[in-house]
Amino acid sequence: MRPMQKFSTTWLGHGTFLFTTPGGKRVLVDPWLQGNPSCPAAFHKPGKIDLILVTHGHSDHIDDLLSTVRETGAPVVAIFEVCTWLGSKGVTNTVPMNKGGGVDVQGLRITMVDAKHSAGFVDNGVMVYMGEPAGFVVRLEDGLTIYIAGDTAIFGDMKLIGELYEPDVAFLPIGDRFTMGPDTAAYACGLLGVKKVVPLHWGTFGLLTGTPDAFKALLPVGVEMLALKPGETTE
Ligand code: NI
Ligand code: MN
């Protein structure tokens, strides 16, 4: 067995991330690449991908899902309705699931959890129902556990997510308007009991007013914020 490497996170802007897991898997979350104003051109084609996670079927999270699946052949983990829509496009390599359930894929333990938001996708001029939005708890090969909230309001069961899965790192939206803002996202860190947080869904366009500076100022004592620039990778 290969030795484990360090988990790394590359933010591609907005809600899109590229993770490299301790086992060397490249995991893409919410592929919004070419049309994403924050995504550096170097990442418009993400290269080799082992797994794609989709939190919900809004265009700013799945606009490049089909093209990425076709280019990489990577399996897609998403809620049932998103997988059904993918099936209607001829994509068969999906891992449909729903909230509360877990799957073991590529050596990762992936649990789908709640998110408070909406989800629909305009497909050929018609708004298609894409199931409910979700978050993911992912336990990596070395046991490190991350919580990807997706687009969401704050909700009380974040405390339950903290108790059940004890995430080490949370990926939380802070942009306000469509998701939590800095104030509620900071409060969410307390509910989750995390010590590290990566802000997302901010800075993409003018409507998203929440900033890492405002977020950091409100964080509970002892919580470290890792604010990445688009294209930047954590150490
Ligand atoms: Ni959304
Ligand atoms: Mn969004």
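In each ligand, atom 1 is the first atom listed, and ligand 1 is the first ligand listed. All values below come from the heavy atoms of this structure, side chains included, with hydrogens, waters and symmetry mates left out. What you see is a predicted model; the values in this text were computed from it and never measured.
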Fill in: H61 and H56 aromatic ring geometry - parallel, tilted or perpendicular at 30°/60° bounds
tilted
Discussion item. Ring-plane angle category for H14 and H201, please: parallel below 30°, perpendicular beyond 60°, tilted otherwise.
Written reply: tilted
Discussion item. Classify the ring geometry of H58 against H117: parallel below 30°, tilted from 30° to 60°, perpendicular beyond 60°.
Written reply: perpendicular
Worksheet item: How many protein N, O or S atoms are found at a distance of less than 2.8 Å from the Ni ion (ligand 1)?
Response: 4
Worksheet item: Does the pair T179 and D151 meet the rule for a side-chain hydrogen bond (donor to acceptor under 3.5 Å, both in side chains), with working shown?
Response: CA-CA 6 Å; T179 68; D151 285 6; 5.9 Å; no
Worksheet item: In total, how many protein N/O/S atoms does one find closer than 2.8 Å to the Mn ion (ligand 2)?
Response: 4
Discussion item. Salt bridge check, K159 against D157: does any charged N sit closer than 4.0 Å to a carboxylate O?
Written reply: no
Discussion item. One thing to verify: whether E224 and K195 come together as a salt bridge, which I'm taking to mean a side-chain N less than 4.0 angstrom from a carboxylate O.
Written reply: no
Discussion item. Aromatic contact between F7 and F19, with the criterion being ring centroids under 6.0 Å apart: yes or no?
Written reply: yes
Discussion item. Assess, by modelled atom type and distance only, whether the side chains of W85 and D123 contain a donor and an acceptor separated by less than 3.5 Å.
Written reply: yes
Item to complete: Before accepting this row, confirm whether a basic side-chain N of the pair R109/D104 lies closer than 4.0 Å to the acidic partner's carboxylate O.
Response: yes
